[in-house]
Amino acid sequence: MSEMNHSLRQDGRRPPYETLLRCPICAEPFRLEGRSLICPRRHCFDLSRHGAVHLLGRPHLTKYDKRLFEARRRICLSGFYEPLSDAIVEAVAGIRPFGASPIRLLDAGCGEGYHLARIAAGLRQAVSTETIGAGVDIAKEGVALAAKAYPDMLWCVGDIAQCPFRDGRFDIVLNILSPSNYREFARMLKDGGAVVKVVPEAGYLQELREVLSVKPDSGGYSNERTIRLFASSFPLAERVRVRYTVPLKPSLLEPLIAMTPLTWGVSEASRSGALKKGLSAITVDLSILIGRKTRQRS
Ligand SMILES: C[S@@+](CC[C@H](N)C(=O)[O-])C[C@H]1O[C@@H](n2cnc3c(N)ncnc32)[C@H](O)[C@@H]1O
Ligand SMILES: [Zn+2]
């Protein structure tokens, strides 16, 4: 395959870089010239081999590395989070925070891209409307994996706090187990659009925490503050709790330990102890918060 074809969608079209992105330095829109995005002030960013674009001012050091995202991808592809994405599709299809086709989705903190790809495909089927997906993450290793696996979508390295996307371009902003910036989300959403935020509940991966002896938060786990903050930025249209238990194949315990920041402080001894003991089942316990951007009065 030639270099050029790597950034093309399977239907022969390229992701809509010019329609969606803006320059992270001067906020002007881009023009695509060959394989470079260039703004009117001549700031220039090249597309990678797989069509991703790096739009972060300076390199960012992160503990989210290639090994973590590969582990996350393995867990995702095992079907671990399918009930979550199914519930998101169902809730969004019920609210319909979109107007004309195509539906544009942004995943802020997209990691290796699985959730956006599955939700965009599910929504396309559920409401028989074309979808366009874009993902942004500060970790370039995640974005590289996403671009390679899902070339139909637009992937970029960028900061949620200063997103390199144009105003009012998206119907839906997904924000799954990732940090948020509600001002940026509101700026990028169309009026009437929705933010879909996924937050952990108390039972999330509890068996993993137990087998690794991860200390519980003092005073017990609560995400009420996070939910209050969300609801003060976007009137809450829906809150859906998704709780289920997944039988765990022995070969998935290692990637499960590697995929989550929950285990970052855990010693090697605890990890190998856990691998010896094994885990037969694991709980997924999450809440989906859906908030709407209210229409601006003129
Ligand atoms: C727990 S992971 C979740 C990834 C993905 N949403 C998923 O559920 O598989 C959190 C993600 O947030 C990203 N992240 C953290 N801070 C960020 C920032 N300031 N801007 C963009 N992404 C960020 C990390 O790189 C990481 O991919
Ligand atoms: Zn510029």
Side-chain angles (χ1 to χ4, degrees), residues 3 6-7 14-73 105-116 133-151 153-170 173-189 195 197 229 233 258-262 264-265:
E3 271 285 282
H6 283 298
S7 71
R14 57 168 88 88
Y17 300 105
E18 292 159 306
T19 321
L20 298 184
L21 290 170
R22 71 180 200 183
C23 175
I25 301 168
C26 67
E28 295 288 340
F30 281 125
R31 208 159 21 86
L32 185 65
E33 289 184 15
R35 296 189 58 77
S36 302
L37 290 165
I38 303 175
C39 79
R41 298 188 187 189
R42 307 300 296 169
H43 302 125
C44 177
F45 301 86
D46 295 338
L47 301 186
S48 75
R49 195 159 91 92
H50 295 288
V53 60
H54 194 295
L55 295 173
L56 203 58
R58 56 183 109 101
H60 176 84
L61 275 184
T62 170
K63 285 179 85 173
Y64 287 93
D65 58 10
K66 190 168 180 202
R67 190 169 159 264
L68 179 147
F69 288 118
E70 282 174 347
R72 230 173 156 84
R73 167 75 54 82
L105 297 113
L106 171 67
D107 189 355
C110 61
E112 51 64 54
Y114 168 88
H115 295 295
L116 174 62
V136 61
D137 200 286
I138 207 159
K140 63 178 192 306
E141 310 280 15
V143 170
L145 284 177
K148 198 168 170 194
Y150 310 109
M153 298 182 177
L154 190 164
W155 302 103
C156 78
V157 182
D159 188 349
I160 279 173
Q162 249 184 318
C163 273
F165 291 94
R166 298 175 65 177
D167 297 356
R169 296 283 145 157
F170 291 96
V173 174
L174 303 169
N175 180 230
I176 303 176
L177 301 171
S178 296
S180 311
N181 185 302
Y182 297 136
R183 195 148 45 109
E184 280 294 80
F185 294 175
R187 178 184 67 73
M188 297 182 291
L189 276 174
V195 180
K197 181 169 179 67
L229 188 65
S233 303
M259 78 151 197
T260 167
L262 269 178
W264 280 349

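Quick note: residue numbers are just sequence positions, from 1.
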Kindly indicate, with the supporting measurements, whether the criterion side-chain contact (heavy atoms from CB on, under 4.5 Å) is fulfilled by His60 and Asp159. CA-CA 9 Å; His60 176 84; Asp159 188 349; over 6 Å; no
I need the Arg72 CZ to Arg67 CZ distance, nearest 0.5 Å. 13.5 Å
Nearest heavy-atom pair of Pro151 and Pro15: which atoms, and what distance? O-CG, 4.2 Å
Considering all heavy atoms, the nearest Gly111-Ala146 contact: O-CB, 4.2 Å
With respect to Phe30, which candidate in Phe165, Tyr17, Phe45 satisfies the ring-ring contact (aromatic ring centres under 6.0 Å, His included) definition? Phe45
Please tell me if the side chains of Cys163 and Met188 come closer than 4.5 Å, counting only heavy atoms from C-beta onward. yes
As an exercise, state the distance from CG of Leu154 to CZ of Arg14, rounded to the nearest 0.5 Å. 11.5 Å
Step-by-step side-chain contact (heavy atoms from CB on, under 4.5 Å) determination, Leu20 to Phe170: CA-CA 9 Å; Leu20 298 184; Phe170 291 96; 4.1 Å; yes
So SG of Cys39 and CG of Leu21: to nearest 0.5 Å the spacing works out to 12.0 Å
Should the pair Glu112-Arg73 be classified as a salt bridge under the 4.0 Å nitrogen-to-oxygen rule? yes
Which atoms form the tightest heavy-atom contact between Val53 and Leu47, and what is the distance? CB-CD2, 4.0 Å
Using atom types as modelled and distance alone, determine if a side-chain donor or acceptor of Thr62 lies under 3.5 Å from a backbone N or O of Tyr64. yes
Please report the shortest heavy-atom distance between Ile38 and Cys44, naming the atom on each side. CG1-SG, 4.0 Å
Using modelled atom types only, decide if a donor and an acceptor are shared between the side chain of Asn175 and the backbone of Ala108 within a distance under 3.5 Å. yes
Side chain Asp137, main chain Val143, donor-acceptor under 3.5 Å: no
With no hydrogens and no angle check, is any side-chain donor or acceptor of Glu18 less than 3.5 Å from a backbone partner on Pro29? no
Ignoring hydrogens and angles, tell me if any N or O in the side chain of Lys197 forms a donor-acceptor pair with the backbone of Val173 under 3.5 Å. no
Is the shortest side-chain heavy-atom distance between Ile160 and Glu184 below 4.5 Å? no
Heavy-atom closest contact (Asp46 atom, Ser36 atom, distance): OD1-OG, 2.7 Å
Value rounded to 0.5 Å, distance of OG in Ser48 from CZ in Arg35: 7.0 Å
Rounded to the nearest 0.5 Å, how far does CD1 of Ile138 lie from CG of Leu61? 10.5 Å
Approximate separation, where rounding is to 0.5 Å, of Gln162 CD and Leu55 CG: 11.5 Å
Residues that Asp65 engages under salt bridge (charged side-chain N to carboxylate O under 4.0 Å, His left out), provided they are two or more places apart: none
When you measure from the side chain of Trp155 to the backbone of Tyr150, do you find a donor-acceptor pair of N or O atoms at a distance under 3.5 Å? yes
Does the side chain of Leu68 come within less than 4.5 Å of Lys63's, by heavy atoms? no
